[in-house]
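Please read all numbers here as calculations on a predicted model, not as lab measurements.
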Amino acid sequence: MSKTSLVFVVALALVQASVAEILNRPSGIKIGERLTLRPYVTTAITYDSNVDANRGRATDTDKDDFLWTISPSLWLHYNGETWATILSGFYNYRQYFKRCHRNYNRHEYGQNLRVNWSNSLGTEKGWSLILGESFQQITMANDMILDGGYYDSDARQFQLAGSLQRRFNEHWHADVNAGYYWLDYQNDVKSRAAFYGWDRWQVGAEAGFAPSKWTDILLSGSYQGYTQDNVSGSGISGDSLGYSVQAGLGSYMTERISYRALAGWSRFEYGDNASSANGFVYTLSGNWKIGETWNTMLLGSSYYQPSERQSASTARIDAISWGLAKVMVRGKLRATLDLRYRREQHEYVMSGSEDYTLDIWTGRLGLDYSLCRMLSVYAYGEYQKSMNDSSRSHNDVYDYDRWRLTAGVKLSY
């Protein structure tokens with residue numbers, strides 16, 4: 001699975017979880033029996049110890065700053081007899097306090113759309129369709145969980161994805177999927193290291209056999225085609241392709257534990273086969289409802305792609321994340337812990353350039369307390385450690401420590 005596929009899957013999972021939480025509360029504007037609207041607005045203040053997310057490129061007095069954010073958003077959910085639609089939109093305005101950072105105040109915005117349709121329930125014979133679309137323009141420094149980045153490099157992303165599944169009976173099922181992803185970095189300050197985006201098309205298929213409700217044997221394959229931005233002046237083609245095959249298991253270990261674990265092989269041909277990479281890849285996900293108030297989740301994947309950080313280079317990405325949530329005080333207080341690790345192995349196509357590996361560790365601890373049905377307060381702390389093994393002196397920009405503290409208020413209807 002590619003990075004964009006993992007991000008899209010995680011984003012849709014978060015949408016589902018958020019909407020489920022919303023619908024379980026007696027809130028929102030009800031229009032008829034099927035449509036629910038829920039507007040809300042958040043405002044927060046953040047202290048960031050290393051706004052630029054680097055070492056050695058800013059003076060000690062310019063590295064840290066406070067950041068004020070306001071974000072109005074809207075959720076829409078329509079639940080039909082055989083289909084459901086979830087639509088959300090957001091706007092963020094982020095403002096730094098120090099004069100040296102005010103040129104990087106940002107307007108951010110985006111939307112997500114998901115449509116589910118099915119003419120069967122559970123393991124019954126029938127069809128299921130999932131369609132998803134999203135667009136967002138964000139500053140890369142807005143959240144360390146997004147793997148950090150320079151505050152002067154914004155990212156625009158557009159995604160389309162769809163999956164059609166056929167369940168033949170209680171044992172056999174198959175699905176086909178396809179997607180398009182566009183990533184564009186707006187590198188406003190050219191004196192800093194640039195980031196690179198691409199267009200990508202993907203198609204895939206998966207087949208499964210479930211001998212029991214506790215086990216599902218899976219076989220999947222996918223193909224990706226890239227047109228990337230990071231080859232200008234290198235004499236290398238901007239077209240790349242990759243494909244992978246994985247097999248594994250996925251279903252329920254118990255009534256409270258669900259899982260999906262696949263492993264296999266992937267090949268990535270960069271720059272119209274100017275170079276190639278082969279290797280073991282995996283896809284992991286799991287959810288364990290420990291109790292009525294405890295829940296934990298695990299996500300992991302590895303894949304090959306064009307490098308976002310370096311021109312004319314490929315990257316192998318290994319990423320894993322774990323989260324734990326606890327509800328307390330009669331459902332009013334929610335505590336969360338998130339830990340994430342990401343390894344980027346960059347390999348240059350042209351000779352004379354030094355390959356390097358980047359390791360990024362990120363952790364977050366958060367609290368959210370509902371004062372009443374319409375008002376809640378929240379706070380969280382984040383820490384990030386980035387380490388680069390290159391001996392080239394200019395690459396120490398990727399060696400840094402960073403921590404942030406945030407407190408905010410959310411008003412919802």
Side-chain angles (χ1 to χ4, degrees), residues 1-7 54 140 147-150 152-159 178-204 221-245 265-281 301-319 342-360 386 388-398:
M1 179 183 288
S2 70
K3 171 187 176 182
T4 54
S5 297
L6 177 62
V7 170
N54 69 53
M140 292 175 61
D147 298 321
Y150 300 107
D152 51 3
S153 293
D154 290 352
R156 293 183 295 173
Q157 303 174 50
F158 174 73
Q159 302 180 70
Y180 170 74
Y181 179 72
W182 172 69
L183 171 65
D184 177 57
Y185 288 111
Q186 299 173 286
N187 298 286
D188 294 342
V189 178
K190 302 302 181 182
S191 62
R192 301 186 185 274
F195 285 81
Y196 305 93
W198 58 67
D199 294 83
R200 191 202 68 176
W201 292 91
Q202 176 174 312
V203 295
S222 65
Y223 168 85
Q224 305 90 36
Y226 294 87
T227 301
Q228 62 262 27
D229 301 335
N230 63 347
V231 295
S232 178
S234 66
I236 298 172
S237 171
D239 297 324
S240 301
L241 62 88
Y243 43 90
S244 64
V245 178
W265 172 87
S266 180
R267 178 177 175 83
F268 183 65
E269 298 176 357
Y270 179 79
D272 198 17
N273 215 19
S275 71
S276 62
N278 302 271
F280 169 81
V281 291
S301 69
S302 60
Y303 47 88
Y304 296 91
Q305 66 177 35
S307 173
E308 296 175 47
R309 298 180 183 268
Q310 302 295 331
S311 62
S313 63
T314 64
R316 176 188 166 94
I317 311 297
D318 289 86
R342 176 183 175 90
R343 162 164 279 209
E344 301 180 4
Q345 296 174 274
H346 296 264
E347 181 179 342
Y348 282 87
V349 176
M350 296 180 294
S351 61
S353 298
E354 182 184 3
D355 302 337
Y356 71 96
T357 299
L358 184 65
D359 295 285
I360 303 172
S386 178
N388 167 38
D389 71 350
S390 173
S391 61
R392 300 173 66 182
S393 60
H394 72 270
N395 273 339
D396 67 1
V397 69
Y398 298 131

[X] versus [Y]: any side-chain heavy-atom pair under 4.5 Å?
{"X": "Y348", "Y": "S307", "answer": "no"}
{"X": "D355", "Y": "Q345", "answer": "no"}
{"X": "Y303", "Y": "V281", "answer": "no"}
{"X": "W198", "Y": "E308", "answer": "yes"}

Check: Y304 ring centroid to Y226 ring centroid under 6.0 Å
no

Can you name the closest pair of heavy atoms from R316 and G279 and give their distance?
NH1-C, 4.4 Å

Side chains of Y180 and D199: donor-acceptor distance under 3.5 Å anywhere?
yes

Ignoring hydrogens and angles, state whether a donor on the side chain of Q228 or S240 is under 3.5 Å from an acceptor on the partner side chain.
yes

Value rounded to 0.5 Å, distance of [atom1] in [X] from [atom2] in [Y]:
{"X": "R343", "Y": "I317", "atom1": "CZ", "atom2": "CD1", "result": "11.0 Å"}
{"X": "R342", "Y": "D359", "atom1": "CZ", "atom2": "CG", "result": "11.0 Å"}
{"X": "L241", "Y": "Y223", "atom1": "CG", "atom2": "OH", "result": "4.5 Å"}
{"X": "N388", "Y": "I360", "atom1": "CG", "atom2": "CD1", "result": "10.0 Å"}
{"X": "F268", "Y": "S276", "atom1": "CZ", "atom2": "OG", "result": "10.5 Å"}
{"X": "T314", "Y": "E269", "atom1": "OG1", "atom2": "CD", "result": "12.5 Å"}

Check for a donor-acceptor pair, side chain of S266 on one end and backbone N or O of Y243 on the other, with a separation under 3.5 Å.
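Judged by distance alone, yes, a pair lies under 3.5 Å.
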
Partner set under salt bridge (Lys or Arg N to Asp or Glu O under 4.0 Å) for D184, not counting sequence neighbours:
R156

